[in-house]
Amino acid sequence: MTRSTARAPDAALLVLHALRCAGSVSVARLGAITGLDESDAESELIDLGVGGLVTRLSGDLPVWSLTEAGRAADAERIAGELESAGARERVAAAYERFMVLNPELLDLCTAWQLRSVDGVMSVNEHDDPGYDSRVLARFADLDRRAAAVCAELSAALPRFGRYPVRLADALGRAAAGELAYVADNTGSYHVIWAELHEDLLATLGLERW
């Protein structure tokens, strides 16, 4: 069995790849995704911007995004990371297990946002704590199984280690009453899961169906 020789990725790779997986993001969100201090994340963005790999988009809340050169550079660096770690087979196997769980996640998000009342589907107004509690319990069960997949990914490539931390935090906040952390903000369980899905596709060089 090939043993992984993966080392922790440098901050520039973390920042570049976060933009690849999450799209246009603020410095604050980038810090949450990567685990870097916001000042360190912004410093990396400035350096990457000088290199023409990222660009800052102005607006009410300025965000950063990849340039075409940045997307190509990320693909090259991620492919190199995967190859040098000898981790393709392990990541591919974890991806297959992730895809078994993915339809369940989508069904749970639908159950969270909609519910059947007298046989009629309607928007879940979150006015029935018992119903929400049952759905969150199902999320918790899914998360336990997803954590095992994330552990396999983290052992192969350490940068995947942020995902189980972020997913658990989102679920914990939802259970504590911050219901938007299920599916309705950029730090929600659903959004983090989507970023993980995109990361797996990008890492393995796969196209979304």
Side-chain angles (χ1 to χ4, degrees), residues 17-26 28-35 57 59-66 91-154 160-204 206-209:
H17 196 56
L19 294 179
R20 167 66 181 82
C21 298
S24 300
V25 301
S26 66
R29 186 178 171 201
L30 187 60
I33 292 171
T34 62
L57 307 176
D60 293 337
L61 178 63
V63 295
W64 293 78
S65 65
L66 287 182
V91 174
Y95 169 70
E96 293 299 325
R97 285 187 277 276
F98 172 86
M99 289 305 294
V100 172
L101 298 177
N102 194 54
E104 183 176 349
L105 179 280
L106 298 177
D107 287 346
L108 284 176
C109 288
T110 298
W112 181 256
Q113 295 170 327
L114 301 171
R115 60 177 302 190
S116 176
V117 179
D118 296 328
V120 178
M121 295 300 295
S122 60
V123 173
N124 180 16
E125 301 291 350
H126 302 293
D127 53 2
D128 183 344
Y131 177 83
D132 283 356
S133 179
R134 290 191 295 275
V135 177
L136 286 174
R138 292 170 59 195
F139 266 104
D141 177 66
L142 173 68
D143 188 64
R144 283 190 289 271
R145 287 174 282 135
V149 175
C150 288
E152 295 170 6
L153 287 167
S154 302
F160 280 100
R162 282 290 297 165
Y163 288 105
V165 174
R166 296 172 62 212
L167 288 168
D169 179 67
L171 195 57
R173 296 182 74 158
E178 297 182 76
L179 302 185
Y181 278 88
V182 174
D184 296 317
N185 69 30
T186 57
S188 70
Y189 197 96
H190 187 199
V191 168
I192 297 166
W193 186 280
E195 290 170 11
L196 173 55
H197 190 180
E198 190 66 29
D199 198 340
L200 287 164
L201 292 172
T203 298
L204 293 169
L206 302 175
E207 295 293 331
R208 189 178 290 275
W209 296 347

Open item on the list: For a side chain to side chain contact (heavy atoms under 4.5 Å, CB included) check, start with the C-alpha distance between R115 and V135, then their side-chain angles and the critical distance, and finish with the verdict.
Closed with: CA-CA 11 Å; R115 60 177 302 190; V135 177; over 6 Å; no
Task: Heavy-atom closest pair, residues Y131 and A111 - done: OH-O, 2.6 Å
TODO: Start with the C-alpha distance between D169 and R166, add both sets of side-chain angles, then the distance that settles salt bridge (Lys or Arg N to Asp or Glu O under 4.0 Å), and finish with yes or no.
DONE: CA-CA 5 Å; D169 179 67; R166 296 172 62 212; over 6 Å; no
Task: Residue list, salt bridge (charged side-chain N to carboxylate O under 4.0 Å, His left out) with R138, at least two apart or on another chain - done: none
Task: Nearest heavy atoms of L171 and D143, plus distance in Å - done: CD2-CB, 3.8 Å
Open item on the list: Distance check, rounded to the nearest 0.5 Å: L179 atom CG versus S188 atom OG?
Closed with: 12.0 Å
Open item on the list: Using only atom types and a distance under 3.5 Å, with no angle test, would you say the side chain of R162 pairs donor to acceptor with the backbone of A32?
Closed with: yes
Open item on the list: Please check this pair: side chain of T203 against backbone of D199, looking for a donor-acceptor N/O pair closer than 3.5 Å.
Closed with: yes
Task: Side chain proximity check, E152 to F160, heavy atoms < 4.5 angstrom - done: no
Task: Evaluation steps, side chain to side chain contact (heavy atoms under 4.5 Å, CB included), between L153 and L196 - done: CA-CA 11 Å; L153 287 167; L196 173 55; 4.2 Å; yes
Task: E198: partners by salt bridge (charged side-chain N to carboxylate O under 4.0 Å, His left out), with sequence neighbours left out - done: R20, R208
TODO: With side chain to side chain contact (heavy atoms under 4.5 Å, CB included) as the test, would you mind laying out the steps for Y95 and L204 before giving the verdict?
DONE: CA-CA 9 Å; Y95 169 70; L204 293 169; 3.8 Å; yes
TODO: Quick one: which residue pairs count as a ring pair (Phe, Tyr, Trp, His ring centres under 6.0 Å) with a foot in residues 98-125, not counting sequence neighbours?
DONE: F98-W193, F98-H197, W112-H126
Task: Non-hydrogen side-chain atoms of Q113 and D184 separated by less than 4.5 Å - done: yes
Task: Residues L136, V182; criterion side chain to side chain contact (heavy atoms under 4.5 Å, CB included); working and verdict - done: CA-CA 9 Å; L136 286 174; V182 174; 3.8 Å; yes
Open item on the list: Using side-chain heavy atoms (C-beta onward) and a distance below 4.5 Å, is E178 in contact with N185?
Closed with: no
TODO: Grab the two heavy atoms, one from G161 and one from V165, that are nearest each other, plus how far apart they are.
DONE: O-CG2, 3.7 Å
Task: Residue pair L19 / S65: nearest heavy atoms and the distance that separates them - done: CD1-C, 4.1 Å
Open item on the list: Quick one, L106 and N102 - any side-chain contact, counting heavy atoms below 4.5 Å?
Closed with: yes
Task: CG-OG distance between L61 and S24, expressed to the nearest 0.5 angstrom - done: 11.0 Å
- [ ] Of all the heavy-atom pairs spanning A18 and I33, show the shortest one and how long it is.
- [x] CB-CG2, 3.8 Å
Task: Closest approach of C109 to H190 (non-hydrogen atoms, all atoms of both residues) - done: SG-CG, 3.6 Å
